[in-house]
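The structure displayed is predicted, hence computed values, not measured ones. Indexing begins at 1, ligand by ligand and atom by atom, following the structure's order.
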Amino acid sequence: MDAPPEHLEYWFAEIAWIGCVAERVTIGVSDGVIASLARDSDPPPGATRLRGLTVPGLANAHSHALHRVLRAGTQTGARDFWAWRRLMYELVDRLDPIRYYELARATYAEMALAGITAVGEFHYLHHDRGGRRYENPNAMGQALLAAAADAGIRITLIDTCYLQATVGGDPLQATQRRFSDGDAEAWAARVDQLSESPTGRIAAAIHSVRAVDRDSMRAVRAWADQRDAPLHVHVSEQPRENHECIAATGMSPTALLAQAGVLGASTTAIHATHLTSADIETLGGSGTTICLCPTTERDLGDGVGPARALASAGSPLSVGSDMHAVIDLFEELRALETDQRLITGRRGLHSPEELLQAATTAGMRSLGWDARGLALGAPADFTTVSLNSPRTAGATPATAIEHLVFTATGADVTDVVVAGRAVVERGHHTAIGDVGEALQSAMFALFEPALSAAVADAAVPVNP
Ligand SMILES: [Zn+2]
């Protein structure tokens with residue numbers, strides 16, 4: 001260690017992943033940044049001991065906080081993605097900035113307990129009922145920024161442009177009017193009023209090829225380029241999206257996005273489930289990051305995306321808990337690998353290290369943050385996972401990463417540090433003592449009147 005300044009705060013990790021597995025790692029932190037890093041070291045006086053495996057903070061690259069309410073209660077009625085979406089729209093109608101803040105704060109606290117230090121919130125619920133503007137037109141986005149700050153995690157608020165109901169340009173229906181700014185120029189003018197902070201970034205999204213026309217896609221791309229901001233877009237989650245896009249434009253969603261100049265190294269395509277070989281080459285060749293959300297994709301019956309082929313073609317992989325059927329990025333990583341085993345008959349498609357990168361450094365890059373992981377000068381964001389829980393017991397330094405990815409759950413996370421601040425200590429959230437109670441209270445505020453009528457209707461085919 002090079003004579004560290006006296007004012008550093010120290011953590012001492014039994015085992016840490018610093019690009020490789022190292023033992024007895026001392027992490028010195030100053031002003032939220034890693035100011036010293038030493039392996040094979042002795043713990044400095046006053047250092048906080050981290051027992052287990054410490055890894056860079058987990059990045060949840062795709063979240064819709066409002067969907068947290070629909071984890072259960074929707075599992076038997078809504079028979080497909082489109083019926084589930086109808087339930088989701090009923091929920092959307094109940095949200096205002098205060099309820100949205102309470103729900104997001106509790107959901108982000110649940111993420112912190114699961115080791116997540118940065119969330120990408122794909123935010124499109126901008127306006128009041130009927131599309132009326134709030135007095136503060138960014139009241140909803142600012143509620144999410146405040147929620148993440150109060151839950152102690154980093155956020156990239158991915159402010160989403162959403163202008164039309166179908167790829168053919170049909171007008172927005174009922175609830176969808178809350179999503180729209182009218183046109184891309186008005187979207188950009190509103191987003192320009194949002195402020196960033198050391199733990200809050202602003203990024204852009206095109207909701208999907210359904211929701212944004214080609215000229216507006218180009219305008220969103222230009223906004224992101226001017227600000228060096230990430231750009232996210234939902235791509236080919238459902239076969240119907242592909243069919244409608246081909247019928248309206250003669251192109252697949254990926255081809256349409258490529259033609260509009262949307263793809264590239266600062267772009268993240270969410271899902272990318274139903275792709276042609278040409279789509280895979282286009283996404284990989286452009287360096288577009290892919291965000292897979294396997295627990296959501298299985299919950300909604302979306303399908304299994306070609307993750308191995310995309311990675312081989314050149315696309316970095318990241319993961320997101322999306323609808324929050326479960327908030328556990330270890331489960332997302334396992335599913336990323338094992339879902340493909342089911343459809344290919346092959347094992348070991350991605351190494352444990354590649355999978356861990358998807359949930360850490362690749363996710364951070366996708367969200368526009370420093371993506372160096374545990375390194376000098378990088379943000380002091382790290383997560384410690386017990387290696388002697390009933391699930392993870394048996395790990396050695398040589399097998400620690402494989403144990404982490406294939407045996408751990410979010411419940412094995414013991415400590416979480418974000419920007420040098422302890423957010424979770426020994427499994428407890430330091431600011432929100434009872435996260436279950438916070439979730440319960442935020443959800444009960446939305447459950448009255450009950451969603452049951454919509455659940456009963458949900459099996460009826462609906463228009464998109
Ligand atoms: Zn999504």
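In summary, Asp381 and Arg154 engage in a salt bridge, as defined by a charged side-chain N under 4.0 Å from a carboxylate O. Of the charged side-chain nitrogens involved, none lies within less than 4.0 Å of a carboxylate oxygen, so that Arg105 and Asp150 do not count as a salt-bridged pair. Comment: Glu244 does not engage Arg210 in a salt bridge, judged by the lack of any side-chain N to carboxylate O separation of less than 4.0 angstrom.
Each of Val69, Asp128, Leu446 was scored for a side chain to side chain contact (heavy atoms under 4.5 Å, CB included) with Leu95, with one residue passing: Leu446. Of the candidates His67, His232, His234, His62 forms a ring-ring contact (aromatic ring centres under 6.0 Å, His included) with just one, namely His234.
Here 3 is the count of protein N, O or S atoms positioned under 2.8 Å from the Zn ion (ligand 1), waters not counted.
For Ser321 and Arg68, the side-chain atoms include no donor-acceptor pair closer than 3.5 Å.
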